[in-house]
Asks: 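Take a look at the following structure, please.
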Amino acid sequence: MIGERFQPKAAFRALRIIFYALNTGLLLFFIVAIYLNDMQLPPFQDGIDILTFVNVVLLAAIPAGYSISSRRMEAIDPADSFARKFEQFQVAMILRWALIEGVALFSLVGLIVLQDSKQLVLFVICILVLSSNTITKEKVTRMAKLNAEESRTLDD
């Protein structure tokens with residue numbers, strides 16, 4: 001998909017599949033966490049456990065991911081080939097998504113281990129942030145600095 005035989009529609013579709021697979025995986029893992037708790041949400045526990053504290057600190061990975069990916073996107077040269085621009089955009093988005101997903105997974109593990117709904121709140125924050133990072137043709141065009149002709153090739 002990237003390289004000599006770059007296929008824009010296939011690359012765009014693959015990136016969207018990655019995004020939806022990340023979301024689906026997190027939601028399925030959430031269902032497993034609830035299943036392990038007899039299909040009930042756990043109560044909020046008193047106090048702050050060390051895992052909850054660590055997870056709150058890990059939330060800093062989300063803005064860090066935004067910063068890293070934004071810098072990578074700013075470095076995209078509009079004069080580069082379409083394949084090169086899309087490749088840089090793809091790497092930046094996967095980095096952003098991975099940092100969000102890491103925090104979300106840690107919160108789900110905390111939910112299973114601690115049986116504390118504070119972890120669920122952290123997970124919901126992560127899933128909302130991840131869901132807000134969906135990719136559309138317009139976002140790709142703007143963020144990857146595509147020209148009008150390159151943007152048209154992404155049409156489904």
Side-chain angles (χ1 to χ4, degrees), residues 1-3 6-76 83-146 154 156:
M1 289 183 294
I2 305 286
F6 176 63
Q7 299 172 352
K9 284 183 186 179
F12 181 62
R13 212 175 4 234
L15 191 57
R16 289 180 66 147
I17 289 170
I18 291 168
F19 173 76
Y20 289 116
L22 287 172
N23 274 292
T24 304
L26 285 173
L27 293 174
L28 289 173
F29 192 30
F30 170 71
I31 291 169
V32 168
I34 297 304
Y35 176 78
L36 292 174
N37 195 40
D38 298 324
M39 299 304 286
Q40 296 178 11
L41 293 177
F44 283 90
Q45 304 291 338
D46 291 335
I48 301 290
D49 189 275
I50 186 69
L51 288 179
T52 303
F53 177 75
V54 169
N55 203 13
V56 169
V57 171
L58 284 177
L59 284 175
I62 295 173
Y66 271 81
S67 176
I68 293 166
S69 64
S70 294
R71 277 187 273 141
R72 291 186 73 101
M73 284 185 245
E74 286 170 7
I76 295 173
R84 178 74 179 135
K85 289 189 280 189
F86 194 87
E87 175 184 34
Q88 290 174 308
F89 172 75
Q90 184 178 35
V91 168
M93 289 308 296
I94 290 172
L95 280 169
R96 181 180 291 187
W97 295 336
L99 287 168
I100 297 167
E101 185 187 30
V103 179
L105 288 172
F106 192 85
S107 66
L108 286 175
V109 169
L111 180 68
I112 293 168
V113 172
L114 299 175
Q115 297 296 305
D116 185 358
S117 278
K118 287 188 285 289
Q119 296 292 324
L120 180 60
V121 171
L122 297 171
F123 172 73
V124 169
I125 291 168
C126 292
I127 204 76
L128 290 174
V129 171
L130 182 61
S131 295
S132 72
N133 278 281
T134 185
I135 58 166
T136 62
K137 176 188 163 192
E138 294 75 26
K139 276 187 179 179
V140 174
T141 299
R142 181 177 29 80
M143 296 167 91
K145 302 177 185 172
L146 303 181
L154 295 177
D156 288 331

Asks: If you round to the nearest 0.5 Å, how far is CG of L111 from CZ of F106?
Replies: 12.5 Å
Asks: If you compare all heavy atoms of Y20 against all heavy atoms of T134, which two are closest, and at what distance to 0.1 Å?
Replies: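 Answer, listing the atom of Y20 first, then T134: OH-OG1, 3.7 Å.
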Asks: Considering all heavy atoms of both residues, which atom of P8 and which atom of L154 are nearest to each other, and what is their separation?
Replies: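 In this case the closest contact between P8 and L154 is O-CD2, 3.8 Å.
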Asks: I'd like to know if R71 and E74 make a salt bridge, using a cut-off of under 4.0 Å between side-chain N and carboxylate O.
Replies: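 Salt bridge between R71 and E74, a charged N being under 4.0 Å from a carboxylate O: no.
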Asks: What verdict does the side-chain contact (heavy atoms from CB on, under 4.5 Å) test give for T52 and Q119, after you've listed the backbone C-alpha separation in whole Å, the side-chain angles of each residue and the deciding distance to 0.1 Å?
Replies: CA-CA 7 Å; T52 303; Q119 296 292 324; 2.9 Å; yes
Asks: Is any side-chain heavy atom of I94 closer than 4.5 Å to a side-chain heavy atom of Q90?
Replies: yes
Asks: Is there a side-chain contact between R96 and M73 (heavy atoms, below 4.5 Å)?
Replies: yes
Asks: Return the minimal non-hydrogen interatomic distance between K145 and K85, and the atom names on each side.
Replies: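 Shortest heavy-atom separation between K145 and K85 comes out as O-NZ, 3.2 Å.
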Asks: Is there a side-chain contact (heavy atoms from CB on, under 4.5 Å) between L99 and I62 once you walk through the steps?
Replies: CA-CA 6 Å; L99 287 168; I62 295 173; 6.0 Å; no
Asks: Can you name the nearest heavy-atom pair linking D116 to F44, along with the distance?
Replies: OD1-CA, 3.6 Å
Asks: Would you call the rings of F86 and F12 parallel, tilted or perpendicular, taking 30° and 60° as the class edges?
Replies: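 Rings of F86 and F12: perpendicular, as their planes differ by over 60°.
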Asks: Measuring from F30:CZ to I112:CD1, what's the distance to the nearest 0.5 Å?
Replies: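 The CD1 atom of I112 is 10.5 Å from CZ of F30, to the nearest 0.5 Å.
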Asks: Of the non-hydrogen atoms in C126 and L59, which two are nearest, and what is the gap between them?
Replies: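 Shortest heavy-atom contact: SG-CD2, 4.1 Å.
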Asks: Out of curiosity, Q45 CD to K118 NZ, how far, rounded to the nearest 0.5 Å?
Replies: 6.5 Å
Asks: Where is the tightest heavy-atom contact between N23 and S131, given as atom of each residue plus distance?
Replies: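 The answer is OD1-OG, 3.5 Å.
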